[in-house]
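Please read all numbers here as calculations on a predicted model, not as lab measurements.
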Amino acid sequence: MNLEKSDQLFSEAQKYIPGGVNSPVRAFKDIGINPPFIARAEGSRVYDEDGNEYIDFVSSWGPMILGHNHPKIKEALQSQLELGTSYGAPTDLEVKMAGLITEIVPSVEMIRMVNSGTEATMSSLRLAKAYTKREKVIKFAGNYHGHHVIENTTVANYNDIEDIERVFQKSGEQIAAVIIEPIAGNMGVVPARQDFLEKLREITQKYSALLIFDEVMTGFRVALGGAQSIYNIKPDLTCFGKIIGGGLPVGAYGGKREIMEMLAPLGPVYQAGTLSGNPLAMTAGLTALKFLKENPDIYTNLEQKAKRLQSGLDANINRVGSMMSIFFSDEPVFDYESAKKCSTKLYAKYCKSMLKKGIYLPPSQFEAFFISYAHTDEDIELFLQKNRESYEKK
Ligand SMILES: Cc1ncc(COP(=O)(O)O)c(C=O)c1O
């Protein structure tokens with residue numbers, strides 16, 4: 001595989017961009033090679049600057065559930081381009097987007113659009129602190145909520161009921177919120193256990209703390225209604241990102257009306273954004289969400305392809321719908337400690353080998369793979385074939 005042009009670009013990039021990238025995992029540091037620089041993408045494929053073609057299982061880290069450059073999104077964006085790219089004023093698109101999300105996700109009665117998942121979780125935590133007039137936040141080891149610093153945080157063990165009971169017994173009255181990825185995707189894919197999430201709902205209610213579901217990755221991915229529809233649990237606030245932007249930069253947070261009404265201009269919690277609700281982003285996101293809602297068979301299709309991939313791999317896999325991870329460990333992975341037992345060395349070797357064969361996987365053991373609607377059965381078979389070859393070479 002020739003990566004000459006990508007290598008040149010990476011050297012150039014490192015002169016002006018820290019580490020040569022605008023988001024760390026893209027540097028491929030964990031697998032010890034330089035990253036391919038991507039020139040274009042279409043359907044299930046990405047193409048690098050040297051003309052190499054890859055079947056993409058990174059999916060821009062989740063947003064591209066319909067595949068790259070989906071004709072409906074492209075068409076909608078082209079029409080919107082004729083109308084201008086940003087107004088800094090309210091639009092019909094935002095009303096439609098809020099209407100659609102609140103219809104699909106019943107726990108969300110009101111919603112505020114922002115520009116990234118990070119902004120969504122950061123703002124939801126500020127809101128939770130203001131609403132409860134408390135300062136402490138509980139998060140879980142191995143969960144990721146963006147790059148902001150969460151102040152006054154206690155880190156609890158994921159899927160560990162005793163630990164969360166201990167934390168609440170100690171300081172329950174000071175806890176503003178518990179934030180959780182209901183299906184974690186940032187230590188590899190690790191679903192929460194049903195009884196664990198039910199306990200969280202119960203204990204937060206008992207202590208009048210808010211339960212925040214970070215569905216930036218799982219929202220509209222694991223099911224149209226997100227992880228909360230699978231577990232049948234209503235959080236007080238939910239954070240979104242990725243899919244709701246249809247491939248453009250978007251985040252959002254929403255939940256109970258009474259809580260959301262604390263936000264300015266209605267209430268005292270000031271939160272604003274120059275480009276929030278941007279018409280291009282709203283157009284792409286709205287088109288994606290409408291398409292998903294109108295074609296529920298998409299989720300059946302994703303499940304079938306992902307199941308086929310899982311059963312053909314014969315590996316230690318965690319999977320929920322079209323989100324999955326191969327763990328290079330012989331033991332079940334159910335929390336951060338068990339995830340850390342995986343061999344990052346073996347993963348790096350595997351990932352490099354697959355990349356050379358045209359299968360583009362996340363360059364980190366602790367990131368999820370995503371199946372998109374654009375992946376064909378043949379793409380899945382190709383993955384399995386290249387996987388066999390990668391193992392044979394070991
Ligand atoms: C669960 C979760 N929350 C928050 C974020 C942060 O989102 P963003 O990268 O858009 O800031 C991510 C990003 O991967 C995520 O997976």
Side-chain angles (χ1 to χ4, degrees), residues 23-31 57-63 117-118 120-121 125 137-150 153-164 167 178-197 199-200 211-219 221-222 226-228 230-231 239 241-242 306 310 313 315-351 361-371:
S23 197
V25 71
R26 295 181 200 168
F28 277 52
K29 240 180 153 176
D30 280 13
I31 66 163
F57 290 89
V58 174
S59 267
S60 189
W61 308 97
T118 296
T121 57
L125 287 168
V137 170
I138 310 302
K139 76 171 285 270
F140 295 94
N143 282 203
Y144 176 68
H145 305 294
H147 61 267
H148 58 93
V149 177
I150 309 179
T153 315
T154 302
V155 181
N157 297 328
Y158 199 70
N159 273 330
D160 184 342
I161 289 181
E162 276 175 25
D163 198 35
I164 199 71
V167 169
V178 174
I179 186 165
I180 185 166
E181 285 184 75
I183 297 163
N186 289 288
M187 49 177 156
V189 174
V190 182
R193 285 199 274 262
Q194 181 77 34
D195 61 343
F196 176 67
L197 283 189
K199 183 73 199 180
L200 278 188
L211 178 61
I212 305 177
F213 272 10
D214 179 347
E215 295 228 43
V216 168
M217 194 183 286
T218 55
R221 161 66 63 182
V222 292
Q228 56 195 274
I230 296 181
Y231 289 94
C239 303
K242 302 196 190 260
Q310 178 174 13
L313 283 172
N316 185 1
I317 289 175
N318 280 0
R319 179 178 75 82
V320 182
S322 57
M323 212 175 127
M324 61 186 268
S325 295
I326 303 180
F327 291 112
F328 283 74
S329 157
D330 293 330
E331 292 168 37
V333 176
F334 55 89
D335 63 4
Y336 192 43
E337 283 309 307
S338 47
K340 280 196 297 192
K341 286 183 187 152
C342 294
S343 167
T344 51
K345 259 197 191 142
L346 282 182
Y347 182 83
K349 205 172 156 195
Y350 175 71
C351 187
L361 300 176
S364 160
Q365 168 72 92
F366 305 110
E367 300 284 353
F369 306 6
F370 299 100
I371 315 294

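Nearest heavy atom pair, residue E331 against residue K341, reads OE1-NZ, 3.5 Å. The shortest heavy-atom contact between F370 and W61 is CE1-C, 3.4 Å. Across every non-hydrogen atom of I150 and V137, the tightest pair is CG2-CG1, 3.8 Å.
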Dump the intermediate steps for side-chain hydrogen bond (donor to acceptor under 3.5 Å, both in side chains) on Q365 and D30, then the final yes or no. CA-CA 8 Å; Q365 168 72 92; D30 280 13; over 6 Å; no

Going through the checks in order, is the side-chain hydrogen bond (donor to acceptor under 3.5 Å, both in side chains) test met by E367 and S364? CA-CA 6 Å; E367 300 284 353; S364 160; 4.9 Å; no

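Ring centroids of F140 and F196 are separated by less than 6.0 Å, placing the two rings close together. The distance between the ring centers of Y158 and Y336 does not fall below 6.0 angstrom.
I164 CD1 to K199 NZ: the interatomic distance, rounded to the nearest 0.5 Å, is 10.0 Å. Here CD1 of I230 is found 11.0 Å from CG of L197. Values are rounded to the nearest 0.5 Å. Rounding to the nearest 0.5 Å gives a distance of 12.0 Å between CZ of F369 and OG of S59.
Other residues, nucleotides and ligands contribute more than 12 heavy atoms inside 6.0 Å of the CG atom of D195. Shown here is H147, whose NE2 atom has no more than 12 heavy atoms of other residues, nucleotides or ligands within 6.0 Å. Within a 6.0 Å radius of NZ in K29, other residues, nucleotides and ligands contribute 12 heavy atoms or fewer.
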